Participant: 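Supplied in C-alpha cells, the structure appears directly below.
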Amino acid sequence: MTIRIDPRLLLIACVAACAPMMPESPTTRPPVPSPLTQPPAETPAPPPAPAATAPALPDAAGFEGWKQGFLARHGGARRADYERELAGLTPDPAVVRLDNNQPEFSRPAGAYVQNAVTASRIAQARQRVDRVPWSVVQRTGVPSEILVSIWAQESAFGQVQGDYDVIRSLATLAYDGRRRDWAEAQLKDALDIVIDGRRDRAGLKGSWAGAMGQTQFMPDNYLRLGVDQDGDGKIDIWGSDADALASAANLLARAGWKRGQTWGYEITLPANFDYALAEGPRHDWAFWVARGVRLANGGAPNAAEAAEQATVLLPQGANGPAFLALPNHYVIRAYNNAVSYALAIGLTADGIQGKPPLTKAWPNDAPLTRDQRIGAQSALTRLGFDTQGIDGVVGANTRAALRRWQAANGRVQDGYLTAALADELIRRAN
C-alpha cells in the first residue's frame, strides 16, 4: 500500500536545511562545488514552533531598493528580462525563519542521523539501487549506494522536491543579506535557466533555499554539472530519475570522489586518547593505529584507504560515537557541509550494503537554541577564544575555539557544545 503525504506538509515538518552551508574554514573540507542540502525524507521531530508573529522583514520599499541594486549589479544585457521575472515579487518570511533553524547545525548529530538512517529508509533504498544507471557508476566511480542514499535524503526518492518558487526564495535570501553575494549569484543563474528556456518559471520549484529536483541541485550546479542521462535533449532533474542521479554522480566525481574507497568507519578510542587531535590535521591509518585507534567492527581499511589522510570526528563529543573520516566523507559534504548530513549519507549507504549498525549509542543531548549558539560564540570570543564570526552555526572555527577554552579550563578537549555548556559560557562571559 502506498501512503501519500502532502509534500508541502512533510517539507515543513522536516525543516531540513535546504540552504547551502559554506565551509567555516579551509580545514572544514577541500574545495568542492557549491553545496546542496535537503530535508530528511522521513519526518523528524518537528522544529520549534514559529513565533506568533513571523520575523519582520524590512518594508516593501526596502525590498524594491534591493531589487534595483541587484539589477544594477547583475542585469547587464539581460536587465529587462530579469526585471520582468522579478516583477511583483515579495520576500517570503518563511524562508528567513527556516534559514535560521537548519537542523544539521541546530540539532545534535545523533538526533539528525537516527532520524535519517532508519530500517525503512534502508529497505526502500535497497529496492531502488538498480535505478542508478550502471554506466553512471562506471563513468564516475560513485557507488550506487551513495547515490541512492542522497536520493532518499534529498527528496524521498523524488516524492518531496519542494514547491517553493525558487526565484522568490533566492531573492528573499539575497535581500535578507546573511549570504547576499552567494544568493544573488544563485538568483542570477535561476533567472538564466528560465530566460534561456531550460525550464519554465512555473516549473522552477524547489526547496525554501532554492535547491531543485530529485537530487536538489542549486541553480549554478544545474547549469554546470547537470547531465542529460536519458538523452532526450534536456536536463530534467525533476522528472527523470536517470538525469537526477547522473547529475548527482557528476557533482561528486567532480568534487574528487575516490574510486574503491568508502567514506569512513566507526572507530573506538583508547582511554588515554588525546581529544585535541580530533577534527585537526589529517593523518594516515598508521598514525592513528599508533595512538590506539581501532575500527569498531575489527579489521582494517583497505590499502588505498590506509594511505589516505583521515580525520577523527566526534560529532557528539567524547561520549558519542567516533568516526575515521576519509576523503570521500568530505566529498559528500559537497552536498551539505555538515558532519551530520555526511554521516547520514554514509551510514545509510553502509546499511544498504548490509554492514552492521553503530556499536556505540548516540547520547540523548538536548538541541541548542539559536540564542544558545550565538550566545556561546559571543561568550567564547569575549573570553578570548575567537570563533571567527558569530552566526549561530557551530562549525569548525567555533569548535576549535571551544577546544582552546576547554584546554585552558581543564576540560576534555572534544570541541562539543552542549546546551549546558553554552549556558555556562554565557554566564561566565556576563
Side-chain angles (χ1 to χ4, degrees), residues 20 29-38 41 116-117 121-122 124-158 211-218 220-231 235-237 240-265 301-302 304-305 307-310 323-339 341-355:
R29 60 170 169 85
V32 292
S34 60
L36 311 167
T37 72
Q38 174 66 21
V117 185
R121 171 172 287 179
I122 289 169
Q124 292 168 356
R126 282 177 180 158
Q127 294 172 356
R128 292 168 171 82
V129 167
D130 61 0
R131 302 278 286 277
V132 180
W134 180 239
S135 62
V136 169
V137 177
Q138 291 179 308
R139 182 172 70 245
T140 65
V142 182
S144 300
E145 294 82 6
I146 290 290
L147 295 172
V148 173
S149 298
I150 288 172
W151 193 20
Q153 183 79 355
E154 295 299 329
S155 69
F157 311 107
M212 310 178 302
Q214 298 192 47
T215 45
Q216 293 289 277
F217 263 38
M218 293 305 297
D220 67 330
N221 280 333
Y222 174 83
L223 291 174
R224 294 187 304 109
L225 301 170
V227 175
D228 175 20
Q229 180 66 24
D230 60 18
I235 300 170
D236 183 8
I237 60 174
S240 168
D241 297 354
D243 287 7
L245 292 165
S247 297
N250 190 37
L251 187 154
L252 294 175
R254 293 278 294 274
W257 186 270
K258 291 181 177 285
R259 292 174 181 264
Q261 297 186 26
T262 188
W263 62 273
Y265 294 93
N302 66 37
E305 294 166 349
E308 295 287 357
Q309 301 296 295
F323 300 91
L324 185 76
L326 291 163
N328 284 341
H329 165 87
Y330 295 93
V331 173
I332 294 170
R333 284 163 68 170
Y335 253 91
N336 178 327
N337 193 30
V339 172
Y341 177 89
L343 286 175
I345 299 302
L347 291 170
T348 299
D350 285 354
I352 295 169
Q353 293 176 295
K355 294 182 180 179

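Positions are given from 1, in the same order as the sequence printed here. Only a predicted model underlies this, so the values are computations on that prediction, with no experimental measurement involved.
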Participant: For Val129 versus Ser144, what's the shortest heavy-atom pair and its separation?
Facilitator: CG1-CB, 3.7 Å
Participant: Short question: side chain of Asn336, backbone of Tyr341 - any donor-acceptor pair under 3.5 Å?
Facilitator: no
Participant: For Glu305 and Tyr265, work out which heavy atoms get closest and say how close.
Facilitator: OE1-OH, 2.5 Å
Participant: Could you check Thr140, Leu147, Asn328 and say which one makes a side chain to side chain contact (heavy atoms under 4.5 Å, CB included) with Leu252?
Facilitator: Leu147
Participant: Determine, for Phe157 and Arg128, whether the Lys NZ or Arg CZ falls below 6.0 Å from the six-membered ring centre while staying within 45 degrees of the axis.
Facilitator: yes
Participant: Give a yes or no answer on whether the side chain of Asn221 reaches the backbone of Ala248 with a donor-acceptor pair at less than 3.5 Å.
Facilitator: no
Participant: Please round to the nearest 0.5 Å and tell me the distance separating atom NZ of Lys258 and atom CD of Glu308.
Facilitator: 4.0 Å
Participant: I'd like to know if the side chain of Gln229 pairs up with that of Ser135 as donor and acceptor (distance under 3.5 Å, no hydrogens or angles considered).
Facilitator: yes
Participant: Using a 3.5 Å distance criterion without hydrogens, assess whether the side chain of Ser247 forms a donor-acceptor pair with backbone atoms of Gly226.
Facilitator: no
Participant: Which atoms form the tightest heavy-atom contact between Ala342 and His329, and what is the distance?
Facilitator: CB-CE1, 3.4 Å
Participant: Output, in order, the C-alpha distance, side-chain angles, deciding distance and verdict of side-chain contact (heavy atoms from CB on, under 4.5 Å) for Phe323 and Val339.
Facilitator: CA-CA 11 Å; Phe323 300 91; Val339 172; over 6 Å; no
Participant: Does the side chain of Arg139 come within less than 4.5 Å of Asn250's, by heavy atoms?
Facilitator: no
Participant: Backbone N or O of Arg121 within a donor-acceptor pair of the Arg126 side chain at under 3.5 Å?
Facilitator: no
Participant: State, to 0.1 Å, how close Tyr222 and Ile235 come at their nearest heavy-atom pair, and which atoms those are.
Facilitator: OH-O, 2.8 Å
Participant: Please confirm whether the backbone N or O of Trp151 pairs with a side-chain atom of Thr215, one donor and one acceptor, at under 3.5 Å?
Facilitator: no
Participant: Looking at side-chain heavy atoms only, is the closest gap between Arg254 and Leu225 below 4.5 Å?
Facilitator: yes
Participant: Distance-only check: which donor-acceptor pairs under 3.5 Å involve side-chain atoms of residues 346-353, not counting sequence neighbours?
Facilitator:
| residue | atom | partner | partner atom | Å |
| --- | --- | --- | --- | --- |
| Thr348 | OG1 | Ala344 | O | 2.7 |
| Asp350 | OD1 | Trp263 | NE1 | 3.2 |
| Asp350 | OD2 | Trp263 | NE1 | 3.3 |

Participant: Among Val142, Leu245, Leu251, Ile345, find the one that has a side chain to side chain contact (heavy atoms under 4.5 Å, CB included) with Ile150.
Facilitator: Ile345
Participant: Does a donor on one side chain sit under 3.5 Å from an acceptor on the other, for Asn302 and Gln261?
Facilitator: no
Participant: Closer than 3.5 angstrom, by distance alone: can the side chain of Asp243 be matched with the main-chain N or O of Asp230 as a donor-acceptor pair?
Facilitator: yes
